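For reference, the structure discussed in these notes is given below.
Quantities reported herein were computed from a predicted structural model and do not represent experimental measurements. Starting from 1, each residue takes its place in the sequence as its number. Scope of the values below: all heavy atoms of this structure, side chains included, with no hydrogens, waters or symmetry mates.
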Amino acid sequence: MAARIEHLVTSGQFTLDGGTWDVDNNVWIVGDDHEVVVIDAAHDADAILRAIGDRRLTAIICTHAHNDHIDAAPELADRTGATIWLHPADLPLWKQTHPDRDPDAHLADGQVIEAAGADLKVLHTPGHAPGAVCLYDPGLGTVFTGDTLFHGGPGATGRSYSHFPTIIDSIRDRLLTLPPETTVRTGHGDSTTIGAEAAHLEEWIARGH
C-alpha cells in the first residue's frame, strides 16, 4: 500500500529570546493504514493521537527544535513508544524546552527514514536553526521543509541560533535543486512548490532578511 500524507493544524505558542507569540503549526502524518510517522509534534499530543487512530507510530521527526515544533514530542513518544529524531546541532534549542529529556536518535544528512512505503531523505538545511532539516520523498513528490522554506520565502532569521546567509545557501543548494513540481509542505501556513519559490530567490537576497 502506498504511503499517503495527512495534515493536522495545532495551535499553541512559540517562545524564544524572551518573547512569546501565538502560532498555528502544521503537523504532517505520513504512512498507510497500519503504520505512520509524525513530522513535528506540535502543541497537542491528544489531537495528534486522534489523527493517528489505531495505527502504529514508529517515529517523531523534528524538523528543528523551536519549542512550537517539539513541545508535544515527549508525551507523544511516551504514549506510543515512537522514536524522537532530531539533528544534534539543535540540541541546545531542544534543551530550552525539554531540559530533562533527550531525543532518542540523531538525524544525519543523507539518512533515509522509511515509513510504510515512504522514504524520507534527510536534508540538513541550517539557517532558521543550526540543526534544521527538510525531508524529501521523490516518490511522493514532496519535501517537508519545517520553517526553512515557506510559501513566499525563507523562514525567519532574526532571532538566536539563526542566520540569513546560511538559510539562503541551504535553500539554493539543497531545496531549489529539487524538481520544480515538488510540493513544499511547510511548518506553518499554505503549501507551495519548489518552482513557485525558485523564481523569487533573487528578491529574497535583495531584501536581506
Side-chain angles (χ1 to χ4, degrees), residues 1-10 25-65 69-70 72-87 90 103-125 131-151 170-171 174-197:
M1 183 181 297
R4 63 180 185 269
I5 300 166
E6 299 164 40
H7 178 214
L8 178 68
V9 177
T10 58
N25 284 63
N26 293 327
V27 179
W28 301 100
I29 300 170
V30 183
D32 59 16
D33 289 343
H34 306 289
E35 178 183 295
V36 295
V37 300
V38 163
I39 299 170
D40 287 347
H43 307 307
D44 191 337
D46 287 336
I48 298 169
L49 284 166
R50 285 194 297 272
I52 293 168
D54 59 3
R55 296 175 291 180
R56 186 166 76 98
L57 177 63
T58 60
I60 300 162
I61 309 170
C62 308
T63 61
H64 62 295
H69 291 256
I70 63 166
E75 181 183 353
L76 191 61
D78 290 346
R79 293 170 66 177
T80 61
T83 300
I84 300 173
W85 291 84
L86 179 75
H87 192 283
D90 259 21
D104 302 306
H106 288 167
L107 295 170
D109 187 62
Q111 172 184 4
V112 175
I113 295 179
E114 299 176 12
D119 292 308
L120 299 166
K121 183 178 182 180
V122 177
L123 307 176
H124 183 212
T125 52
V133 301
C134 298
L135 302 161
Y136 174 53
D137 188 321
L140 293 172
T142 287
V143 60
F144 300 92
T145 57
D147 288 1
T148 294
L149 179 63
F150 290 108
H151 177 65
S170 292
I171 292 170
R174 308 306 306 276
L175 297 181
L176 299 188
T177 53
L178 300 176
E181 66 274 13
T182 303
T183 300
V184 176
R185 300 181 194 269
T186 61
H188 309 269
D190 296 334
S191 296
T192 181
T193 66
I194 290 294
E197 300 310 314

Query raised in the report: Excluding sequence neighbours, so at least two apart, what forms side-chain hydrogen bond (donor to acceptor under 3.5 Å, both in side chains) with Asp147?
Result: His64, His69, His128, His188
Query - Sidechain-backbone polar pair: Asp90 side chain, Ala65 backbone, donor-acceptor under 3.5 Å - result: yes
Query raised in the report: Between CD of Glu197 and OG1 of Thr192, what distance do you get to the nearest 0.5 Å?
Result: 3.5 Å
Report task. Nearest 0.5 Å please: distance from the CG atom of Leu57 over to the CD1 atom of Ile52. Result -> 4.5 Å
Query raised in the report: Is there a side-chain contact (heavy atoms from CB on, under 4.5 Å) between Trp28 and Leu135 once you walk through the steps?
Result: CA-CA 11 Å; Trp28 301 100; Leu135 302 161; over 6 Å; no
Query raised in the report: Taking C-beta and beyond as the side chain, do Thr125 and Thr145 meet within less than 4.5 Å on heavy atoms?
Result: no
Report task. Evaluate the side-chain contact (heavy atoms from CB on, under 4.5 Å) criterion for residues Asn26 and Asp40: first the C-alpha distance (whole Å), next the side-chain angles of each, then the deciding distance (0.1 Å), finally the verdict. Result -> CA-CA 8 Å; Asn26 293 327; Asp40 287 347; over 6 Å; no
**Report entry** Non-neighbouring partners of Asp119 that pass salt bridge (Lys or Arg N to Asp or Glu O under 4.0 Å), sequence neighbours left out
**Finding:** none
Report task. Considering non-hydrogen atoms only, spot the tightest contact between Ala3 and Ala116 and give its length. Result -> CB-O, 3.3 Å
Query raised in the report: Under the salt bridge (Lys or Arg N to Asp or Glu O under 4.0 Å) test, which residues partner Glu6, sequence neighbours left out?
Result: Arg4, Arg55
Requested in this report: Identify the residue among Val122, Ile60, Val37, Ile113 that makes a side-chain contact (heavy atoms from CB on, under 4.5 Å) with Trp85.
Outcome: Ile113
Report summary line: Residues His124 and Asp109: closest non-hydrogen pair is N-OD1, 2.8 Å
Query raised in the report: What is the distance from atom OG1 of Thr142 to atom CG of Leu120, rounded to the nearest 0.5 Å?
Result: 9.5 Å
Query raised in the report: Between Ile61 and Phe144, is any pair of side-chain heavy atoms under 4.5 Å apart?
Result: no
**Report entry** Distance-only polar pair, side chains of Thr83 and Asp104, donor-acceptor under 3.5 Å
**Finding:** no
Query raised in the report: For Cys62 and Ile84, which heavy atoms make the closest approach, and how far apart are they?
Result: SG-CG2, 3.9 Å
Report summary line: What one should report as the nearest heavy-atom pair of Pro180 and Thr193 is O-CB, 3.7 Å
Requested in this report: State, with a plain yes or no, whether a side-chain heavy atom of Leu149 is found less than 4.5 Å away from one of Val143.
Outcome: no
Report task. Identify the heavy atoms of Ala45 and Ala72 that sit nearest to each other, and give their distance. Result -> N-CB, 3.8 Å
Query - Inter-residue atom distance Gln111.CD - Lys121.NZ, 0.5 Å rounding - result: 11.5 Å
Query raised in the report: From Glu75 CD over to Thr80 OG1, what is the distance, rounded to the nearest 0.5 angstrom?
Result: 10.0 Å
**Report entry** Test side-chain contact (heavy atoms from CB on, under 4.5 Å) applied to Ile39 and Thr63, step by step
**Finding:** CA-CA 7 Å; Ile39 299 170; Thr63 61; 3.7 Å; yes
Query raised in the report: Is atom NE2 of His7 surrounded by more than 12 heavy atoms (other residues, nucleotides or ligands) closer than 6.0 Å?
Result: yes
**Report entry** Euclidean distance, Leu76 CG relative to Ile70 CD1, rounded to 0.5 Å
**Finding:** 13.0 Å
Query - Step-by-step side-chain contact (heavy atoms from CB on, under 4.5 Å) determination, Leu176 to Ile194 - result: CA-CA 6 Å; Leu176 299 188; Ile194 290 294; 4.3 Å; yes
Requested in this report: Considering non-hydrogen atoms only, spot the tightest contact between Thr148 and Cys134 and give its length.
Outcome: CB-SG, 4.0 Å
